[in-house]
Amino acid sequence: MTVEGRNYGLPDPRLEKARHVKYWTRCIKTFLPHQYTGNDSNRMYLAFLMVSALDLLDALYTACSEDERRGFIDWIYHCQHPDGGFRMWPGTDFGERADASNAKWDPANVPATYFALSSLLILGDDFKRVRRKQTFQWLRRVQRPDGSFGEILMDGRVEGGRDPRAGYCAAGVRYILHGAKKHAPEMGDGNEDINVDDLVRCIRICQMFDGGIADEPFHEPHAGYTFCSLGCLSLMDRLNTGKYPSTDERYGPSDVQEVIRWLVHRQTNILDPGGALDSEFLGTKTAKLDPLEVDKLLTQTSDAQAVPEPSSSSAFAINTECAGMNGRTNKVADTCYAWWSGASLHMLGQPNLYDQTAVRKYLLEKTQHPVLGGFGKFPGDLPDLYHSYLGLAALSLAGSDEVKEVDASMCVSKDVRARLSGLWEAWDVENLADDAST
Amino acid sequence: MGKYSDDPAWADVTPLPTDEGGPNPLAAIAYSEEYEETMSYLRAAMAANEFSPRVLDLTEDLIDMNPAHYTVWLYRAHCLFAINSDLKEELDWLNETALQHQKNYQIWHHRMLILDKLDSCEGEGEFVERMFEKDAKNYHVWSYRQWLVKRFALWENGELEFTEKLIEKDVRNNSAWNHRWYVINGREGEGVRGITDPRIREREVDFAEVAVAKAPQNQSPWSYLRGIARKGGMPLSSLKDFVSQYASLEQPDEVRSSHALDMMAEILAEEDNGKQQAGAALDMLAQKYDPIRKNYWEYRKGMLGLPSAAA
């Protein structure tokens with residue numbers, strides 16, 4: 001029954017849980033279609049999405065046999081680098097032809113290492129084969145003098161972007177390997193940690209004039225980079241949620257209230273990419289626009305002399321029934337930003353400052369695939385691993401009880417994160433001589 | 001039976017297939033035979049540290065199928081420099097590749113390496129324009145444009161006019177607004193004053209105000225004004241007359257911009273005895289003009305020490 005556009009008497013949209021389990025089971029048990037070839041060098045990341053999705057659905061142990069899970073763990077270790085860290089996939093390992101002269105083409109990779117360690121944690125591995133000491137020593141060397149992290153080392157040079165994706169993953173590796181403690185056996189005399197202060201500074205200087213956080217100073221703020229920045233700070237216990245003055249350089253972000261303002265404005269009623277605010281498409285996509293977007297576009301293409309008086313309020317975000325999140329100002333909503341933006345607010349201790357009910361409805365009614373399971377990027381899109389995982393994780397944050405509770409900074413279930421304390425305790429009493437690396 | 005295995009020019013190379021290490025690899029992909037073969041020849045070439053023209057062709061093939069491969073780009077760059085390959089030709093190839101893989105990260109780093117070596121940015125303006133024709137908000141392209149401006153000192157070379165042109169074309173292009181901020185303020189570290197210079201500040205306030213008039217509910221110019229106030233040492237209250245044209249408590253049904261109303265709430269909150277009025281503006285946002293952010297506007301009231309409205 002629809003009364004004035006609102007649905008009364010209809011049940012809340014539900015997660016098609018069985019279909020999602022089926023989707024992920026198919027992904028993990030069979031070959032991914034050839035369209036994923038362009039992501040061949042991101043396989044550890046795809047692996048993480050698969051095992052973590054099945055964990056969030058509480059189906060990892062039913063979907064995969066013990067043999068399979070052991071096989072997955074073995075594959076992850078197969079990607080471990082002899083000098084610490086992990087590769088994204090076995091494609092750079094030259095096997096019997098590996099030698100000192102070609103070693104530089106086969107580096108460990110920082111994001112791969114975070115995804116490998118997280119996946120091992122999800123799969124319930126004991127971490128006995130992880131080369132903790134070497135991994136930690138390698139990690140320090142992938143940090144640049146300015147504090148930023150790259151992705152790989154080549155000939156002793158740090159390569160890869162300067163953006164906080166690598167910083168986030170580095171903080172994640174550091175956290176998994178020795179937690180929030182200041183000293184761990186891996187860190188020797190305590191001077192072997194990464195340079196936390198410099199990494200914090202890198203993030204502080206990327207907060208822009210409009211409050212959001214970018215990948216580098218002066219770049220446009222972006223919800224993905226905002227998440228990585230806040231997550232990085234959180235995993236190093238350096239996140240300022242408003243407790244410390246902005247001037248305290250040990251903590252970030254620089255201005256918490258402005259980040260919050262920027263983040264809450266990521267929620268939007270603009271859901272259809274055909275009606276995106278990119279005016280260059282106006283001529284070709286008009287047929288797909290709904291009245292809300294037409295109003296906006298008309299306002300936008302008029303000149304200053306003919307200011308339209310918006311007597312109707314339709315240019316405002318008044319639909320509280322269903323609203324997604326975008327990644328940048330004036331962009332259309334996209335499944336993944338329900339995670340990046342939502343999780344950022346959760347980390348800042350303000351989970352209620354976005355409309356979670358409207359986000360749930362957006363995910364379940366607009367981007368969940370009704371037949372195949374999984375989530376697409378935009379309404380009507382086919383599912384892919386990335387959006388299907390972040391859709392589930394975002395749904396958990398937005399209060400769904402059909403997905404396990406997710407940890408906003410690590411992007412794994414709270415169950416999984418809780419396992420770390422057991423590992424840390426075990427390592428505390430271990431002698432370094434027992435390290436798998438020796 | 002393959003492009004490489006059938007080619008006498010590659011007969012001296014024994015391909016090196018990837019070892020998945022066991023029966024249960026994760027995220028295994030149904031590769032095409034072509035990809036599998038190209039990959040195994042690439043691996044053999046890398047293992048042998050071969051730098052040659054044929055390696056350039058090989059990496060080109062591989063990149064076309066898997067542009068996210070993070071060492072093949074470095075290998076290619078190494079090879080280009082080792083055999084003194086024509087870097088202009090490399091740029092031509094990159095132009096094509098960039099259009100095909102618009103969301104790829106590695107390609108931009110490679111391009112910077114080449115440009116840096118060429119020490120010239122000739123033709124880059126046109127290339128960037130072509131990319132913007134495809135997507136005027138492509139994050140990589142904007143980042144690259146910032147790099148070009150800095151590396152080749154293009155600050156005064158029509159860059160401000162370029163942002164004006166793009167904002168004229170789409171007043172909601174937030175990337176263009178952000179770039180404008182960069183062009184004006186990107187050299188403050190080198191002592192070139194930006195928004196802190198009163199003349200520039202005045203010019204930019206005017207620029208943003210004209211843009212607001214075009215589309216009052218467009219957040220970009222409002223954020224820009226807020227940025228000017230915060231970073232340029234200008235009290236927000238100096239914008240009160242302007243803001244009240246778009247949101248005034250006296251005409252609660254005539255609000256033309258939720259962003260104006262937000263700014264008005266902030267201006268009022270700083271006035272003597274203005275907190276109640278600020279609270280009223282926030283109530284209007286929560287109830288009528290921006291209800292999707294109701295909880296946030298309530299939170300803002302809380303920050304002012306005002307009680308939440310009864311539900």
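Chain A is the first sequence line, chain B the second, and so forth, proteins listed ahead of strands; every chain is numbered from 1.
Residue contact with chain A, scored on non-hydrogen atoms closer than 4.5 Å, involves the backbone of B:Ser257 exclusively. Only the side chain of A:Ile76 comes within contact range of chain B, with heavy atoms under 4.5 Å apart. B:Leu74 touches chain A through backbone and side chain together, each having a heavy atom under 4.5 Å away. Residue contact with chain B, scored on non-hydrogen atoms closer than 4.5 Å, is absent for A:Glu96. B:Gln146 touches chain A through its side chain: at least one heavy atom from C-beta onward sits under 4.5 Å away, while N, CA, C and O do not. Residue A:Asn109 touches chain B through its side chain alone, counting heavy-atom pairs closer than 4.5 Å. Only the side chain of A:Asp255 comes within less than 4.5 Å of a heavy atom of chain B; its backbone N, CA, C and O stay farther away. Contact of A:Arg328 with chain B is made through the side chain alone, with heavy-atom distances under 4.5 Å. Both the backbone and the side chain of A:Met88 come within contact range of chain B, judged by heavy atoms closer than 4.5 Å. Using a 4.5 Å cut-off between heavy atoms, B:His78 touches chain A through its side chain atoms alone. Within the 4.5 angstrom heavy-atom criterion, atoms from both the backbone and the side chain of B:Tyr296 approach chain A. Of the atoms belonging to A:Ile152, it is side-chain heavy atoms, and not backbone ones, that fall under 4.5 Å from chain B. At a 4.5 Å heavy-atom cutoff, the contact between A:Ala214 and chain B is made by backbone and side-chain atoms alike. Interface residue A:Glu159: only side-chain heavy atoms are found under 4.5 Å from chain B. When heavy atoms are compared at a cutoff of 4.5 Å, A:Arg165 approaches chain B solely by way of its side chain, counted from C-beta outward. Contact of B:Arg230 with chain A is made through the side chain alone, with heavy-atom distances under 4.5 Å. With a threshold of 4.5 angstrom between heavy atoms, B:Trp297 approaches chain A through side-chain atoms but not through N, CA, C or O. For A:Phe48, no part lies near chain B; criterion is any non-hydrogen pair under 4.5 Å. When heavy atoms are compared at a cutoff of 4.5 Å, B:Tyr35 approaches chain A solely by way of its side chain, counted from C-beta outward. Of the two parts of B:His259, only the side chain, counted from C-beta on, holds a non-hydrogen atom closer than 4.5 Å to a non-hydrogen atom of chain A. Of the two parts of B:Ala44, the backbone and the side chain both hold a non-hydrogen atom closer than 4.5 Å to a non-hydrogen atom of chain A. Both the backbone and the side chain of B:Pro291 come within contact range of chain A, with heavy atoms under 4.5 Å apart. Only the side chain of B:Thr18 comes within contact range of chain A, judged by heavy atoms closer than 4.5 Å.
When each of A:His222, A:His265, A:Gln267 is checked for heavy-atom pairs under 4.5 Å with chain B, A:His265 comes out on top. If you tally non-hydrogen atom pairs under 4.5 Å between each of A:Arg70, A:Glu216, A:Glu151, A:Gln350 and chain B, the highest count goes to A:Gln350. When each of A:Thr37, A:Thr30, A:Asn42 is scored by its heavy-atom pairs under 4.5 Å with chain B, the top score falls to A:Thr37. Contact tally against chain B (heavy-atom pairs below 4.5 Å) for A:Thr329, A:Asn352, A:Val51: the top residue is A:Thr329. For chain A, the option among B:Tyr75, B:Tyr31, B:Trp73, B:Tyr70 with the highest count of heavy-atom pairs below 4.5 Å is B:Tyr70. Comparing A:Asp40, A:Leu353, A:Asp99, A:Asn102 by heavy-atom pairs within less than 4.5 Å of chain B, the highest count is held by A:Asp40. Among B:His109, B:Met303, B:Gln106, the residue making the largest number of heavy-atom pairs under 4.5 Å with chain A is B:Met303. Options B:Leu26, B:Asn24, B:Leu16 differ in how many heavy-atom pairs under 4.5 Å they form with chain A, and the most are formed by B:Leu26.
Closest approach of B:Asn66 to A:Ser41, counting heavy atoms only: ND2-OG, 2.9 Å. A:Leu46 and B:Ala27 make their closest contact through CB-CB, 3.8 Å (heavy atoms, listed as atom of the first residue, atom of the second, distance). Of all heavy-atom pairs between B:Pro67 and A:Gly38, the closest is CD-CA, 4.4 Å. Considering all non-hydrogen atoms of both residues, A:Trp75 and B:Glu20 come closest at NE1-OE1, 2.8 Å. Closest approach of B:Asn295 and A:Tyr354 over heavy atoms only: ND2-O, 4.5 Å. The minimum heavy-atom distance between A:Pro33 and B:Ile29, with the atom names listed, is O-CG2, 3.7 Å.
Using a 4.0 Å cut-off between a side-chain N of Lys or Arg and a carboxylate O of Asp or Glu, A:Arg261 and B:Asp262 qualify as a salt bridge.
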Practice item. Using the side chain to side chain donor-acceptor pair (under 3.5 Å) rule, take A:Asp215 and B:Tyr139 through it: C-alpha gap first, then chi angles, then the decisive distance, then the call. Key: CA-CA 10 Å; A:Asp215 57 343; B:Tyr139 201 87; 3.1 Å; yes
Point to revise | Stepwise ring pair (Phe, Tyr, Trp, His ring centres under 6.0 Å) check, B:Trp142 with A:Phe218 | key: CA-CA 11 Å; B:Trp142 281 106; A:Phe218 291 108; over 10 Å; no
Practice item. Show your working on side-chain contact (heavy atoms from CB on, under 4.5 Å) between B:Ser32 and A:His34 and close with a plain yes or no. Key: CA-CA 7 Å; B:Ser32 66; A:His34 70 91; 5.6 Å; no
Review point. Should A:Asn330 and B:Asn218 be marked as a side chain to side chain donor-acceptor pair (under 3.5 Å) after you check the CA-CA gap, both sets of side-chain angles, and the distance that decides it?
Key: CA-CA 8 Å; A:Asn330 286 337; B:Asn218 171 19; 2.8 Å; yes
**Study point:** B:Asn174/A:Glu220 under side chain to side chain donor-acceptor pair (under 3.5 Å): CA gap, chis, key distance, verdict
**Key:** CA-CA 8 Å; B:Asn174 195 63; A:Glu220 187 184 5; 2.9 Å; yes
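Between the side chain of B:Asn49 and the backbone N or O of A:Ser101 there is at least one donor-acceptor pair closer than 3.5 Å.
Side-chain contact between A:Trp105 and B:Arg43 is absent, with no heavy atoms from C-beta onward closer than 4.5 Å. Within the 4.5 Å cutoff, the side chain of B:Trp181 has heavy atoms near those of the A:Met208 side chain. B:Thr14 places a side-chain heavy atom less than 4.5 Å from the side chain of A:Arg97. Looking only at side-chain heavy atoms (C-beta outward), B:Met46 and A:Asp106 stay at 4.5 Å or farther from each other. Side-chain contact check for B:Tyr299 versus A:Val264: every heavy-atom pair is 4.5 Å or farther apart. By the 4.5 Å heavy-atom criterion applied to side chains, A:Asp93 and B:Asp19 are not counted as neighbours. Contact annotation: the side chain of B:Lys294 never approaches that of A:Asp355 to less than 4.5 Å [non-hydrogen atoms, C-beta and beyond]. Counting heavy atoms from C-beta on, the side chains of B:His69 and A:Thr92 come closer than 4.5 Å.
Applying the 6.0 Å contact sphere to CD of B:Gln100 captures more than 12 heavy atoms from other residues, nucleotides or ligands. Counted within 6.0 Å of CD on B:Glu188, heavy atoms from surrounding residues, nucleotides or ligands total more than 12; the atom is thus considered enclosed. A 6.0 Å sphere centred on CD of B:Glu33 holds no more than 12 heavy atoms belonging to other residues, nucleotides or ligands. The environment of NZ in A:Lys29 is crowded: more than 12 heavy-atom neighbours from other residues, nucleotides or ligands sit within 6.0 Å.
Taking the six-membered ring for Trp, B:Trp177 and A:Phe209 have ring centres at least 6.0 Å apart.
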